[in-house]
Each structure stands twice: as structure tokens, then as C-alpha cells.
Amino acid sequence: MKNAGFDFSRVKALSGSGQQHGSVYWRKGTNQVLRDLHPGKSLHELLKGGFAVSDSPVWMDSSTTEQCQYLETAVGGAQRVADITGSRAYERFTGNQIAKIYKAQPEKYEDTERISLVSSFAASLFLGSYAAIDYSDGSGMNLMDIFSKQWADSCLEATAPHLEERLGALVHSSAVLGLLSPYHVTRYGFPEDCKVVAFTGDNPGSLAGMRLQEGDIAVSLGTSDTVFLWIKEPRPTVEGHIFCNPVDRPSYMALICYKNGSLTRERIRNKCAGGSWEVFSSVLRTTPIGNDGNIGIYFDAMEITPSAVGVHRFDKDNTKVAGFSAQGEIRALVEGQFLAKRVHAEKLGYKIIPGTRVLATGGASSNKDILQVLSDVFDAPVYTIDVANSACLGCGYRALQGLVAESGVSFAETVRKAPEPQLAVTPTPGADKVFAPLLRRYAELEERVLQESKQ
């Protein structure tokens, strides 16, 4: 940016996002190093000796099953952990990563002065001292009480000793942490009064970038499908995740991931539509809404929500059948995927209210016929949004919010001049009456599949 001639003197505030569930272990004494950074040298040179753990665990590390089981046993079960922290114990979550480091490398844990998330690590580099973890990213650690917005003593005690002092304080996601470090002022020409707003995780950053409002649901239709929800009254379960909302302090956000997304849609397209999206779309336009009561559950790979695998087809009488016609298979797949999303969203406390919008993004959001099924199942209009780099964009919005948050200006008001999403489709009249009983049936059939898989 400096080489390109960017005018840093115009920057009033900055924020950012980091990939969730990664953790950084600062060596004792490094906070003083951060305060005394020499602007003539690179951060790499200045901080190369500053970390007690050289290889930071990230979300792909699933080697902490033992620590997850211990946490759930110590706290009172998977649902109890979810009730406190918003999620059951997950291998990739930070608390369980810390527990493993404490057990496997106690000398490195002892040498650790502060533990940051990737987001608060990046904020620390700009702040010139250890930055606080924000509520929203802190929700993805299995360590924070999402209702009191404090560290949960029972979880800390089950993880590692003297942990709270290593984690530091928590702050709300629009908090101004302080002024930019003199290092960046001198090295890049930022103004001395440039503010650093709390950094957050990439998923909360995306919620901000997509500009969700109360009642909205965002559906990302990619290789895996992800659902973002804005929730007022969360009901944590052992499936899905509930985080503190990054742009509205009293609210929450929920996140549900589905492994069987576009790859499953492509498989059925190849099998039933000769590899043609045009034929696939034509079938969705010409087959009856509700698929004559036929329901399909398509888990080509082991699903995350719920934990089950296999393809399961049921006729209108809930009798398991070997297959559908090619046309029935296409509609069963698309309806089944969206029925699942609504069923699990409502389990977590999501409610469709007047004004609810479905915001669609990802590769399949360009297919209007798929979006029509989405609109019919959720009984809400579907809008498309261009959210390339949505987490980064969201942090630009959040930096702006940080400048005005203490004066009571809402996030929606802060970003009111941003581009609006485009209306794609509206619900087919009468679709709600078709899907109301199908939603109940889908929930019952999915539970049946889950029980049969355990036998």
C-alpha cells in the first residue's frame, strides 16, 4: 500500500478479522517488545523471538479429541458445554488446543505470557500491546459464557491453570482498544489519533460484511453450505454454533455448516440432468412444489449437522424407497437441503419475522431456480449479494462503527449508504402451506435416520 502511494494520513480507524480458532502464544516479556517497536525494522525482525509456541494451532487441527471429552465430562456433558459457551466441545476450538499444549508441552505453556486469537494477535501488532479478545471471536473458544460475556470458570479450570491471566479481558466487538502504535505512525504515516477497533473472527466479520439485520438469514451455497443467522433468543444445541453478534451487543449470531453442498448438487445434476444446469433448472421449474410429498436426505460425505451419512429417500407415507424418478430426485435434493437448513436454524432459536430476508451468496446463488426453492421453503424473499472478501469488507464497516458506537448510532445506520442487495425471487403463493407439514416431517425423518445410524 505504501509503495502504491496510499495516503495513510486519511485513515481515522482500522479493524480487521482473523481466521477463527487459531491461537498465538506470546513469550514472557514480549508485551514490552511490542511497546518499543523500532520503526526502522520489520515486524518479522522485531518479533521473531517473541513466541513460546512456534507453530500456532489452527482450525484444521482435530487432534484434541481427548481434551474435548475431558471438558465435556468436567463441565457436565456436551449440552452443558453448549449451554455455556454456545457450542459443544469441538476439536478445533481454542480452549481444547490450549489444554493439549498445557499437557504435551507444559514448559511452553509456562513460558506463555498471553494467549491471543489470530484476530487479537493482529490487533496487537497495530496497537503496540496485547489486544483484548472480542466477544464474538471469543465465543468460538469453548471458554466464554456467551450470556454473561465473561470467561466461564468451569471451562477455564478444566483447560489449564492460571488461564484467565493469560487470556486477558474480553471486550465488545465495536470497542475502541486504543490508538495506533507509534511504530505504524512513523513507518507508514498514519495520523497519531488513528483508532484501533477490536478485531474479530472471519465468520463474524462476514456477518458484518453481508450487513445482516435482525430476522435475516444468509446462506452461502458453495462446496460446503454455510448458514449465518441473526438471533435474539438463542437456544444452544449440540449441533451448530452460537456466537455473540459482532455488530449488535444484545444479539447473537448462529453458524451452521453443511459438508454436502455444491458437490452433491453436481452429482445429482450429472446423474439426473445429463450434466446440464439448464436441464436441472428446467426440472425445478416444472416439477410440483413439495415433490408430491417425497423427501430426500442426501449425505454423500459424513455430514456435520447432523452427524450422519448416506442417501435416504422417503415417499409421502414416510416409507423408505430405493429411488425417485430423475425429476423427483432433483427436486428432492434441493428441497431437502433447504428444509434441513430451516429445521436446524429454528432449533437454534431462529424465527422468521415480518421483513425477514434470505441473503444468498456463493456459486449456486447465480441459479434463480435453486433460489426459488430456497425462497419457497423459508417463505421469504431471497436477495443476492456480492460478498467477495466479505470478512475484510465487514471489518471496514466495523472500523466505521467503532468511531460512532459510543454515541449510540446503530450498525444499520452506520452502513446505510453501502450498496443494497438485489432482490432475486419472492415466495410462490401458497408455498408456505405446502412446506409447513414437510418441515415437521423432515425433522422427524432426519431424527429417524440418525437413530438408525447409531444401531
Side-chain angles (χ1 to χ4, degrees), residues 1-20 22-58 94 98 101 105 107-134 137-138 162 165-171 173-202 205 389 391-392 395-396 398-400 402-403:
M1 291 172 75
K2 185 177 182 180
N3 292 341
F6 181 79
D7 184 0
F8 288 95
S9 70
R10 298 174 58 221
V11 179
K12 296 183 183 297
L14 61 85
S15 187
S17 73
Q19 193 175 77
Q20 287 200 273
S23 46
V24 177
Y25 300 78
W26 300 93
R27 176 167 283 145
K28 287 178 179 175
T30 308
N31 201 33
Q32 192 60 48
V33 176
L34 280 169
R35 292 193 174 108
D36 298 334
L37 294 173
H38 189 286
K41 295 183 178 181
S42 70
L43 289 174
H44 172 69
E45 291 177 87
L46 294 166
L47 293 172
K48 61 184 177 183
F51 307 101
V53 176
S54 59
D55 297 317
S56 289
V58 295
T94 318
I98 294 169
I101 284 174
Q105 306 174 77
E107 72 289 348
K108 292 185 177 180
Y109 180 80
E110 184 58 34
D111 194 29
T112 298
E113 180 172 68
R114 176 64 71 93
I115 299 172
S116 291
L117 298 179
V118 177
S119 58
S120 61
F121 160 71
S124 302
L125 301 180
F126 286 101
L127 194 61
S129 63
Y130 297 147
I133 292 171
D134 81 295
D137 207 5
H162 311 295
E165 64 195 52
R166 286 174 168 81
L167 294 172
L170 288 155
V171 295
S173 301
S174 57
V176 174
L177 300 177
L179 298 179
L180 192 68
S181 163
Y183 172 87
H184 297 281
V185 173
T186 304
R187 190 172 172 92
Y188 298 107
F190 283 95
E192 292 183 357
D193 62 350
C194 178
K195 294 180 172 62
V196 178
V197 177
F199 283 33
T200 193
D202 53 353
N389 301 311
C392 187
C395 291
R398 291 179 51 259
L400 183 59
L403 289 175

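Side chains included, hydrogens not; waters and symmetry mates left out as well; all remaining heavy atoms used.
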Should the pair Tyr188 and Tyr183 be assigned to parallel (<30°), tilted (30 to 60°) or perpendicular (>60°) ring geometry? perpendicular

Please state whether the rings of Phe199 and Phe126 are parallel, tilted or perpendicular, taking 30° and 60° as the class boundaries.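 If you compare the ring of Phe199 with that of Phe126, the planes turn out tilted.
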
With sequence neighbours excluded, residues passing side-chain hydrogen bond (donor to acceptor under 3.5 Å, both in side chains) with Ser116: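 Partners of Ser116 under the side-chain hydrogen bond (donor to acceptor under 3.5 Å, both in side chains) test: Trp26.
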
For Glu107, which residues count as a side-chain hydrogen bond (donor to acceptor under 3.5 Å, both in side chains) partner, sequence neighbours excluded?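 Per chain and number, Glu107 pairs via side-chain hydrogen bond (donor to acceptor under 3.5 Å, both in side chains) with no residue.
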
Side-chain donor/acceptor of Ser15 to backbone N/O of Ala198, under 3.5 Å: yes

Checking Arg166 against Tyr109: charged group under 6.0 Å from the ring centre and within 45 degrees of the axis?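 Yes - Arg166 lies over the ring of Tyr109, closer than 6.0 Å to its centre and within 45° of its axis.
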
Around atom [atom1] of [X], are there more than 12 heavy atoms of other residues, nucleotides or ligands at under 6.0 Å?
| X | atom1 | value |
| --- | --- | --- |
| Glu165 | CD | yes |
| Asp55 | CG | no |
| Lys28 | NZ | yes |

Among side-chain atoms of [X] and [Y], is any donor-acceptor pair under 3.5 angstrom?
| X | Y | result |
| --- | --- | --- |
| Ser129 | Asn31 | no |
| Asp137 | Thr200 | no |
| Glu113 | Tyr25 | no |

Separation of Lys195 NZ from Leu14 CG (nearest 0.5 Å):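 Nearest 0.5 Å value for the CG-NZ distance: 11.5 Å.
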
